[in-house]
There are 2 protein chains.
Amino acid sequence: MQQTKTVRFASTTRKLFESKNMSSESVQAARNTDTKIKLSLPDRAYREIKRRILENEMPSGTIMLESELADLLDMSRTPVREALIRLSNEGMVEVRPRHGMRVLPVSRDDMIEIYDILTALESEAADLVARRGLSEQQLGQLTAAVDEMDQALEKDDLTGWANADERFHLLLVEFCGNKRLTNMVNTFWDQSHRVRLLTLRLRPKPSGSNDDHRAVVAAIARNDPDAARDLHRQHRLKSGTMLVEILEKHGLSNV
Amino acid sequence: MQQTKTVRFASTTRKLFESKNMSSESVQAARNTDTKIKLSLPDRAYREIKRRILENEMPSGTIMLESELADLLDMSRTPVREALIRLSNEGMVEVRPRHGMRVLPVSRDDMIEIYDILTALESEAADLVARRGLSEQQLGQLTAAVDEMDQALEKDDLTGWANADERFHLLLVEFCGNKRLTNMVNTFWDQSHRVRLLTLRLRPKPSGSNDDHRAVVAAIARNDPDAARDLHRQHRLKSGTMLVEILEKHGLSNV
DNA sequence: GCATGTGTTAACGTATACATTAATAAATAC
DNA sequence: GTATTTATTAATGTATACGTTAACACATGC
């Protein structure tokens, strides 16, 4: 796969990045003792680097040396190295000796891979949720997310819609009670997060999407695992296909 | 989940472990410069520790300090720490400060979680393989694995059967071409490897299992993704259920 | 100009030093 | 004897030191 185009939104993003670099706010956030839990420095480094990637403050292709990260985060190289092992294992960055850490772009092919996995895991989660059933509260949470998507669409609030959509999917997975599956799904949501964020306004208005969500919730409510699994699978296949088409249509080879 | 029983096979395993501890073979293996690739010390530590876990040389519940591992592997603590981060992220061990690394037992509930995930991912892999098709060579490899399972069963060679079974499943996943999915499946195979190994002679002779494999291969060969996915899914649900029942029947709460 | 060789240097990879503190041992109180 | 407090110590977590060597800069040859 030849790298033909890397999306950077350079001027805006670079500026925000430098601005944040100048401020001590996020450095302090990485360094502060949390009042409830004292986080180790590797944990802090991991969280802060990841936050910057997810929020596109470190866009794909960003290269930083261990020593630069250590300076940025006001700690020695050791905890930075430990954090990078974790981030590297999660597919968020690659680590090349003497070149440092590079934030991994997400290609069209990457997205296909990721969505194939999410399709499988989320569908299985829907099946499991339908088998074990939901409490009234859990059902209420799912339904609330669906309602919020509707409301966001009425207001043309795409960001609101995306947040509620994410919440719906992640709640669904969490309710299946399989911690490993939930962690896996979170990992792949993280890997694909920036693509969804950056393509949010390039996609058609997600009008029919919530019909799918409602159908999945209804299948779950009547404890029909096969239907829940299939409906969610179809939904996931549709949204995955659409996202890939957007990447292709706009020539976004690496985000 | 209260820990009521931890399988140790203590006398045999302990003995082998100590014997191996005494020899310098595996230490040298971890230390030797490979003639093709010079492995970093964290990589070596990771591989050697993992090998010992998978081969039950470090059985579940084994506790070792960083310094002990460093001595064992003839290196300093730093690469050991780095290896443990990876192993911990893969769910093979847990790391507790001042208690060291502990090889994680795999409970009945863990196995249910793991098999739910494998069911989802392998079924998706079967779907993808059927869509993209197989080369003659790939088809030959799958068929060879199935044939070897048959032959192993004729000879009552359970180990041979298990190896061929593993090869079948992992090839199937590899042929779908999704590297992330393959890596995930490998991780969960690793987590459940010792349970399969240790229950191999407790299970009924896997007579009908290969019928399932053949049916999956046939569906793939005629490029029928829905059939491939469903057949493999049913196969996986069966084998997962059976394995869990064995754990329950023999009171194996943690392996 | 391009290709090749040599020298320099800095980014690791790894070992070691040091500060922190959780866990354990010992002392004390009842 | 049991419960509580205090002292000790060793296992981290983290920083730093040092050796290795890949990457780069510069020189040389064609």
Side-chain angles (χ1 to χ4, degrees), chain A residues 21 24 26-50 58 61-89 92-104, chain B residues 21 24 26-50 58 61-89 92-104:
Chain A
N21 200 16
S24 63
S26 52
V27 174
Q28 283 301 315
R31 207 73 226 254
N32 271 351
T33 303
D34 190 276
T35 53
K36 279 174 286 184
I37 302 176
K38 182 181 170 74
L39 288 178
S40 67
L41 292 187
D43 278 343
R44 291 177 190 176
Y46 167 81
R47 290 179 181 209
E48 179 60 20
I49 295 168
K50 192 167 181 175
M58 285 186 182
T62 298
I63 292 176
M64 293 189 75
L65 302 177
E66 287 179 6
S67 52
E68 289 174 339
L69 287 165
D71 289 342
L72 176 69
L73 301 175
D74 191 25
M75 62 183 72
S76 74
R77 283 201 294 124
T78 310
V80 167
R81 283 182 66 82
E82 295 190 9
L84 290 181
I85 292 169
R86 288 176 65 188
L87 289 164
S88 170
N89 283 338
M92 301 295 283
V93 303
E94 72 173 357
V95 178
R96 288 178 62 205
R98 297 176 169 271
H99 295 254
M101 163 207 92
R102 184 174 76 103
V103 178
L104 280 173
Chain B
N21 200 14
S24 62
S26 53
V27 176
Q28 283 301 316
R31 204 77 227 255
N32 270 350
T33 302
D34 190 275
T35 53
K36 280 175 284 184
I37 300 176
K38 181 181 170 73
L39 289 178
S40 68
L41 294 186
D43 278 343
R44 291 178 189 174
Y46 167 79
R47 291 180 180 206
E48 179 60 21
I49 295 167
K50 191 166 180 177
M58 285 185 181
T62 299
I63 293 176
M64 293 189 76
L65 303 178
E66 287 177 7
S67 51
E68 289 173 342
L69 287 166
D71 289 342
L72 176 69
L73 301 175
D74 190 27
M75 62 182 74
S76 74
R77 283 200 294 120
T78 309
V80 167
R81 284 182 65 82
E82 295 188 9
L84 289 181
I85 293 169
R86 289 174 64 187
L87 289 164
S88 169
N89 284 336
M92 300 296 282
V93 303
E94 72 175 355
V95 177
R96 288 177 61 204
R98 299 178 166 270
H99 295 254
M101 165 207 90
R102 183 174 74 106
V103 178
L104 280 173

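Each chain gets a letter, A, B and so on, in the order its sequence line appears, and its residues count up from 1.
- Contact of the Arg47(B) side chain with the Leu39(B) side chain is registered, since non-hydrogen atoms from C-beta on lie closer than 4.5 Å.
- When the side-chain nitrogen and oxygen atoms of His99(A) are compared with OP1 and OP2 of dA11(C), none of them lie within a distance under 4.0 Å.
- Taking atom CG on Asp43(B) and atom C1' on dC12(C), their separation rounds to 14 Å, with Å as the unit.
- For Leu65(B), the side chain to side chain contact (heavy atoms under 4.5 Å, CB included) criterion is met by Ser67(B), Glu68(B), not counting sequence neighbours.
- Contact between Ala45(A) and Ala83(A) at its shortest, heavy atoms only, is CB-CB, 3.6 Å.
- Near DNA chain C, meaning a heavy atom under 4.0 Å from it, residues 76-89 of chain A has Arg77(A), Arg81(A) in order of number.
- Taking the side chain to side chain contact (heavy atoms under 4.5 Å, CB included) definition, one finds that Pro42(B) meets it with Ser40(B), Pro79(B), Glu82(B), sequence neighbours left out.
- Partners of Leu104(B) by side chain to side chain contact (heavy atoms under 4.5 Å, CB included), not counting sequence neighbours, listed by chain and number: Glu94(B), Arg102(B).
- When the C1' atom of dA15(D) is taken as reference, atom CG of Leu73(A) falls 15 Å away, rounded to whole Å.
- One interatomic measurement links the two molecules: CG of Asp71(A) to P of dA11(C), which rounds to 11 Å at whole-angstrom precision.
- Computed from coordinates, the Met75(A) CE to dA19(C) P distance equals 20 Å when rounded to whole Å.
- Map Arg96(A) and Arg96(B) each onto its nearest nucleotide of DNA chain D; the residue landing nearer the 5' end is Arg96(B).
- Inter-axis angle, ends of the helix from dG1(C)-dC30(D) to dC30(C)-dG1(D), five pairs per end, rounded to 10 degrees: 10°.
- Every salt bridge (Lys or Arg N to Asp or Glu O under 4.0 Å) that Glu66(B) has, sequence neighbours left out, goes to Arg77(B), Arg81(B).
- The side chain to side chain donor-acceptor pair (under 3.5 Å) test with Tyr46(A) singles out one residue from Glu48(A), Lys50(A), Arg44(A), and that residue is Lys50(A).
- Of the candidates dT21(C), dT14(D), dG13(D), dG13(D) carries the atom nearest the Pro97(B) side chain, counting heavy atoms from C-beta on.
- Straight-line distance from the CE atom of Met101(A) to the P atom of dG13(C): 15 Å, rounded to whole Å.
- If you take CD of Glu66(B) and C1' of dT14(D), they are 12 Å apart, rounded to a whole angstrom.
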Does the pair Ile49(B) and Leu84(B) meet the rule for a side-chain contact (heavy atoms from CB on, under 4.5 Å), with working shown? CA-CA 9 Å; Ile49(B) 295 167; Leu84(B) 289 181; 4.3 Å; yes
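- Arg98(B) has its CZ atom 8 Å from the P atom of dT12(D), to the nearest Å.
- In this structure, Leu39(B) places its CG atom 17 Å from C1' of dC12(C), rounding to the nearest Å.
- Contact of the Leu69(A) side chain with the Met58(A) side chain is registered, since non-hydrogen atoms from C-beta on lie closer than 4.5 Å.
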